[in-house]
Amino acid sequence: MLNKKIAKLLNTQVNKELYSAYLYLDFANYYADAGLDGFAHWYEVQAQEERDHALMIRRYLINNGVKVEFLPIEKPDKAFKDHLAPLEAGYAHEQYVTSLITTIYHEAFEQKDYRTMQFLDWFIKEQGEEETNAEDMVKKMKLFGGDAKGLYALNQELAARVYTPSATGPQM
Ligand code: FEO
């Protein structure tokens with residue numbers, strides 16, 4: 001049985017990951033509306049990954065005897081001034097998610113909950129990748145997105161992203 005505080009933090013994290021999926025689908029809506037189908041696709045794939053993260057944490061809680069409680073998912077209330085803005089918001093959001101995972105990890109360390117620390121190791125690594133990807137998107141957009149040709153090429157590149165289920169995630 002998990003410590004109550006850790007169980008609560010993880011339960012909240014399920015909601016945060018589902019919100020991330022919701023947020024990225026909202027970005028996809030923005031790009032679809034702007035005619036940038038490659039960008040929209042990239043964020044649709046990202047939303048699938050976020051749902052996987054939520055399901056992994058949900059499964060961990062269930063496997064450890066915790067009753068999962070679903071909380072309301074916040075409305076992604078973002079208005080974007082240009083095509084760069086969602087990418088910057090995405091990068092900021094990933095940094096925020098990293099801080100949430102770090103907080104849970106720290107609590108697990110304090111409680112000597114090595115099992116949860118081991119479970120979260122995958123997420124610590126994943127957040128490193130998530131931040132790098134999000135930052136790369138911002139950099140590329142700044143470098144190449146300034147003219148129609150560059151934007152078109154970038155859109156094509158992002159359209160090629162393939163969804164890979166996070167099957168290698170922790171099963172504990
Ligand atoms: Fe589930 Fe993008 O972090």
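Whatever order the structure lists ligands and atoms in, that order sets their numbers, starting from 1.
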Do any N or O atoms from the side chain of Asn155 and from the backbone of Phe39 form a donor-acceptor pair under 3.5 angstrom?
yes

Do Phe27 and Tyr24 have ring centroids that are under 6.0 Å from one another?
yes

Suppose we only allow N, O or S atoms; which atom of His53 ends up nearest to atom 1 (Fe) of ligand 1?
ND1

Let me check your reading of the structure: within less than 2.8 Å of atom 1 (Fe) of ligand 1, is there an N/O/S atom from Glu130?
no

I'd like to know: is atom 1 (Fe) of ligand 1 within the 2.8 Å range of an N/O/S atom from Glu94, strictly under that distance?
no

Kindly give the heavy-atom pair with the smallest separation between Ile101 and Gln13, and that separation in Å.
CD1-NE2, 3.8 Å

If Ile, Leu, Val, Met, Phe, Trp and Tyr residues are connected whenever their side-chain heavy atoms lie under 4.5 Å apart, and connections chain through other members, are Leu9 and Phe109 in the same group?
yes

Is a side-chain donor-acceptor pair under 3.5 Å present for Gln48 with Glu44?
no

Of all N, O or S atoms in Glu50, identify the one at the shortest distance from atom 1 (Fe) of ligand 1.
OE1

Please name the atom of Glu17, restricted to N, O or S, that is closest to atom 1 (Fe) of ligand 1.
OE1

